[in-house]
There are 2 protein chains.
Amino acid sequence: MSVVGQGQRIFLDLTQQLRSGELKPGDKLPSERFLAESYHVSRATLRDGLQRVADQGLIYRANRRGWFVAPPRVRYQPAIEPNFHQMVSAAGGRPKTQTLEKRIVPATATIAAMLDVDENTLVFYLRRLRYIDDRAVCCAESYVRADQVPGLLDCNTDGSMTEIYQQQFNKTYGKIDIQLYPTALNQQIAEALLTVEGASALLIKRLNKGLDGQVIDYELEWWCHDAITVCFSGGV
Amino acid sequence: MSVVGQGQRIFLDLTQQLRSGELKPGDKLPSERFLAESYHVSRATLRDGLQRVADQGLIYRANRRGWFVAPPRVRYQPAIEPNFHQMVSAAGGRPKTQTLEKRIVPATATIAAMLDVDENTLVFYLRRLRYIDDRAVCCAESYVRADQVPGLLDCNTDGSMTEIYQQQFNKTYGKIDIQLYPTALNQQIAEALLTVEGASALLIKRLNKGLDGQVIDYELEWWCHDAITVCFSGGV
DNA sequence: GAGTGGTCTAGACCACTTC
DNA sequence: AAGTGGTCTAGACCACTCT
């Protein structure tokens, strides 16, 4: 099977154009109908090719807006550098955080177990969007123990939570447990990220403890998979 | 936009069947034509629905063989437990490793930089397949410094490399640096994993150093994304 | 309002797996 | 040999974005 299909041909050609710099980060690709015609394929086949490029993280799709060239991935070291703004700035990008929602909610069984509190204990819930260069790349849901950082909801949460914890409550992260799942976006998250339901994503679950070993918060981060490279170390 | 499309309807229904246990891990789904007819949709739409389920990691596609129910993910802690056989056994699965290729090759610029040797230095190259319960879930390419473990290629590499290092060469891993990319499979790897070019995958790059800080090997692991949950810790 | 992307149909042909 | 998945076509209609 060394025959190259049409979808693969388009993938190879676009990949080449992207690597050679003919297309630059942030550029919008021509319309699907135009591209399909230039490759002499049907729109379905063209979209297959585009999807392959997107799976590699070289382009991404903005819902109903078209296909765009993805910027280089940002190095994300969740175990040692949980500060989004510092991370993006260091990589030469413009970070932004927008709080979509902050409420007090009763802990579900799952959340209660993670936070090490009783079910239905009231906890803070935050939903925030992370931007790099005006593109929403991450939607983060945080469940925070109210007893650890009372009054959190009165703070401006459009910056770094670690800074708030430290400056307002004198709390610093100790151990951080991280789980990582390649998965797909549900409708709500997809909408927030201006992309489509089912778009492939990286789900990072973080359980953050204080220096005293007590759980501070539990976070679900839904990342556009093309935006980051996750890095960490182990061993001695 | 609260209208649920056909693809999504199929996704929801199959997800429900999988969670309820009507379909069990390893089961083959009915043929696409049969499913399309039962949902009263075209094959293209049916495949869209199947793809969404696969993106969640609940089913997977075996090239030309059909769609199968995926077993639960195995916890993979690359930073502290690099032993595949132990990991899978602990999770109740049957692990297997098959060496596809072992050769001596000159280091390319990239590989030389990672291994901290001169370009074109001769290094060991291994390509191995990892199985869980007879399903190939990972294709691993290793570049090993010959000066660290001379004679490695004469060993049976169908087991754990860390054990060989330790028992034959008295070498133990010290620091491990890990990078993680959600990406898509190329043709060669896809073929080895009995899946299709472009299937979404998790690429894990590991740089393994000895206790003396010298690089021992550099490994590229291509994982079927549904097979594992990556876990690690950080902080104090 | 024009153009575009999102979704879907109803076929087709081939190569491969399975029986 | 039959059935299946892999790939592709040539349309269609709608809802949304863009200008």
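Keep in mind that what you see is a predicted model, and the values were worked out from it rather than measured. In what follows, chains are A, B, ... by sequence order, proteins preceding strands, each numbered from 1.
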Candidate nucleotides dG6(C), dG5(D), dC8(C), ranked by approach to the side chain of Gln6(B) - the nearest: dC8(C)
Distance, rounded to the nearest Å, where Trp67(B) contributes CH2 and dT17(C) contributes P: 17 Å
Heavy-atom neighbours of Glu163(B) CD exceed 12 at 6.0 Å: yes
dT17(D) OP1/OP2 closer than 4.0 Å to side-chain N/O of Lys28(A): no
Value in whole Å for how far the P atom of dG5(D) lies from OH of Tyr60(B): 14 Å
Thr97(A) side chain to Asp158(A) side chain, donor-acceptor N/O pair below 3.5 angstrom: no
Rounded distance in Å - CG (Asp48(B)) to C1' (dT9(C)): 13 Å
Nucleotide nearest Val41(A) (side chain, heavy atoms from C-beta), chosen from dT9(D), dG6(D), dC8(C): dT9(D)
Sugar-phosphate only, base, or nothing, as touched by Arg43(B) at under 4.0 Å among non-hydrogen atoms: base
Atom pair distance, as rounded to whole Å: CZ in Arg64(B) and P in dG5(D): 10 Å
Arg135(B) charged N/C atom sitting above Tyr60(B) aromatic ring, 6.0 Å / 45°: yes
Touch class at under 4.0 angstrom, heavy-atom based, for Arg65(A) against every strand present: sugar-phosphate
Gap between atoms CZ and C1', on Phe68(B) and dG5(D) respectively (whole Å): 11 Å
Length of the line joining Leu29(A):CG and dG5(C):C1', which is rounded to integer Å: 13 Å
Separation of dT7(D) C1' from Tyr39(A) OH (nearest whole Å): 18 Å
Between Thr110(A) and Thr108(A), a side-chain donor and acceptor under 3.5 Å: no
side-chain N/O Thr45(B) vs dT9(C) OP1/OP2, d < 4.0 Å: yes
Sugar-phosphate only, base, or nothing, as touched by Arg33(A) at under 4.0 Å among non-hydrogen atoms: base
Proximity to the side chain of Ser31(A) - top-ranked nucleotide from dG5(C), dG6(D), dC8(C): dG5(C)
No-hydrogen, no-angle side-chain donor-acceptor test under 3.5 Å, Tyr125(A) and Glu141(A): yes
Rounded interatomic separation in angstrom, taking CZ from Arg61(B) and P from dT4(D): 17 Å
Any Asn63(A) side-chain nitrogen or oxygen under 4.0 Å from OP1 or OP2 of dG6(C): yes
Residue Arg47(A), side-chain heavy atoms: nucleotide from dT7(C), dG6(D), dC8(D) that is nearest: dT7(C)
